Amino acid sequence: MNIHLTKSQIGLDGVPAAETVLSHVDGERGELIIAGEHVGRLASQSSFEGVTARLWNGASKSNLSEANVRASLGTARERAFARLGDLLPATRGMGIVDGFRAGVAGLRAENGLAHEATIVGALPVIAGALVRRAKGLEPVAPDPNASHAADTLRMLRGSSPEPREVAALDAYLVTVCDHGMNASTFTTRVVASTQADLFAAVTAGYCALTGPLHGGAPEPVLEMLDAIGSSGRIRPWVDAALARGERLMGFGHRVYRVRDPRADVLKAAIERLAADGADLPFAGEVEAYIRSALRKKNPDRPLETNVEFFTAILLDALAIPRQAFTPVFAVARAAGWTAHAREQQRTGRLIRPSSSYVGAMPAD
């Protein structure tokens, strides 16, 4: 007997796959809680190292401090840089996104370092080396005494960032470090549930992240803003795009039915980054008109601004190349991936859902 499932059931919408202490998403209320705190308060009060400590402590029942994590990530960045000679050859001929995947897949255990720290510390080193190589430049050695955000920017750009730039990237890393049972986190947990190690689980998570439906690649937002070009073109461009049935990048979310709470956190970070708001005035005009147009088109459930919109503007304002946006997202999300992998491994339970067979049955 065939059982036909609804579209949402097939996509597992609303079906719990795990119990977690790491993060909670309420799409109806527009709420994101990470490690017991609302994302806005966390971004204003905690560093990336601080929130990473909270995630790892929750997953492994450990008692790491922010200072512990900062020190271990500094060591891990140094170790990863020393291994670039082994990691980079596998990325030859690849672009930054694909090269990053190969680099992550090449990571291995380091003596005296937890796998979590080895992974999270290595990712900005790999990203920085690939961005520099794309420009024909040598990679920049990490500074183990710098914060993760500061060193990430320095390795990507080749110069020491200003404090306001570090604060902006740190807010971004905190804001997107975890987000419930998203596709890449679910993938990570599935692999970890087989008792594969964290390196395999995080590599799988990154592969899921590279898909365009995941939301880890906000470059199309900048392409949309480039295409609009000026304030006078906002209305005709948006109206024409909606008339053609095109998707407007940076709006709508699979889970949130109201405004993505991360959007406002990143908008505030951009405002603090520069007195003139960087590209915020024009982007703000675009956002305002698109929200108005979407409300008119679907007044009962309009699409709202999501995290991609302001992510694109913030990373662009920090002079991070668009091709590196997905790896930089992974630099942040690796904190959540590693925590979820550990949490899943502690349960000892294999994730093994069933499927609904809709194919032909034997004649007898």
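Bear in mind that the values here come from a model prediction, so they are computed numbers and not experimental data.
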Exercise. Assess whether salt bridge (charged side-chain N to carboxylate O under 4.0 Å, His left out) is satisfied between Glu138 and Arg132, documenting all intermediate values.
Key: CA-CA 6 Å; Glu138 292 296 315; Arg132 298 276 292 172; over 6 Å; no
Practice problem: Apply salt bridge (charged side-chain N to carboxylate O under 4.0 Å, His left out) to the pair Glu343 and Arg189, showing each step before the final yes or no. | Solution: CA-CA 8 Å; Glu343 188 178 57; Arg189 290 191 75 124; 2.7 Å; yes
Self-check item: Test log, rule side-chain contact (heavy atoms from CB on, under 4.5 Å), inputs Gln323 and Val97
Solution: CA-CA 7 Å; Gln323 303 94 319; Val97 171; 5.6 Å; no
Exercise. Assess whether salt bridge (charged side-chain N to carboxylate O under 4.0 Å, His left out) is satisfied between Arg322 and Glu223, documenting all intermediate values.
Key: CA-CA 10 Å; Arg322 298 182 187 188; Glu223 293 169 2; 5.4 Å; no
Quick one: side chains of residues 118-131, donor-acceptor pairs under 3.5 Å with protein atoms, not counting sequence neighbours, listed by atom name and distance.
unit_1 : atom_1 : unit_2 : atom_2 : d
Thr118 : OG1    : Ala114 : O      : 3.3

Practice problem: May I ask you to decide if the ring planes of Trp337 and Tyr206 are parallel, tilted or perpendicular, using 30° and 60° as cut-offs? | Solution: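 Ring orientation, 0 to 90° scale: perpendicular.
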Are [X] and [Y] side-chain neighbours, meaning at least one heavy-atom pair lies under 4.5 Å?
X	Y	result
Leu84	Phe81	yes
Asn298	Leu294	no
Leu318	Leu273	yes
Thr311	Leu266	yes

Can a salt bridge be assigned to the pair [X] and [Y] using a cut-off of 4.0 Å between side-chain N and carboxylate O?
X	Y	answer
Arg154	Asp143	no
Glu287	Arg259	yes
Glu110	Arg83	yes
Glu116	Arg342	yes

Quiz item: How close do Leu64 and Asn57 get, heavy atom to heavy atom, and via which atoms?
Solution: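 Closest approach of Leu64 to Asn57, heavy atoms only: N-OD1, 2.7 Å.
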Practice problem: Mark yes when over 12 heavy atoms from residues, nucleotides or ligands other than Arg164 sit less than 6.0 Å from its CZ; otherwise mark no. | Solution: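 Correct, the count exceeds 12.
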Exercise. Could you check Glu308 against Arg262 for salt bridge (charged side-chain N to carboxylate O under 4.0 Å, His left out), going step by step and ending with a plain yes or no?
Key: CA-CA 9 Å; Glu308 289 184 17; Arg262 299 169 297 174; over 6 Å; no
Quiz item: Would Glu49 and Leu73 count as a side-chain contact (heavy atoms from CB on, under 4.5 Å) if you check the C-alpha gap in whole Å, the side-chain angles of each, and the deciding distance to 0.1 Å?
Solution: CA-CA 8 Å; Glu49 290 88 342; Leu73 292 185; 4.3 Å; yes
Quiz prompt | Value rounded to 0.5 Å, distance of CD in Gln344 from CG in Leu350 | solution =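 Output value for this atom pair is 8.5 Å.
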Quiz prompt | Arg133 vs Thr91, side-chain hydrogen bond (donor to acceptor under 3.5 Å, both in side chains): CA-CA, chis, key distance, verdict | solution = CA-CA 11 Å; Arg133 186 179 69 182; Thr91 71; 2.9 Å; yes
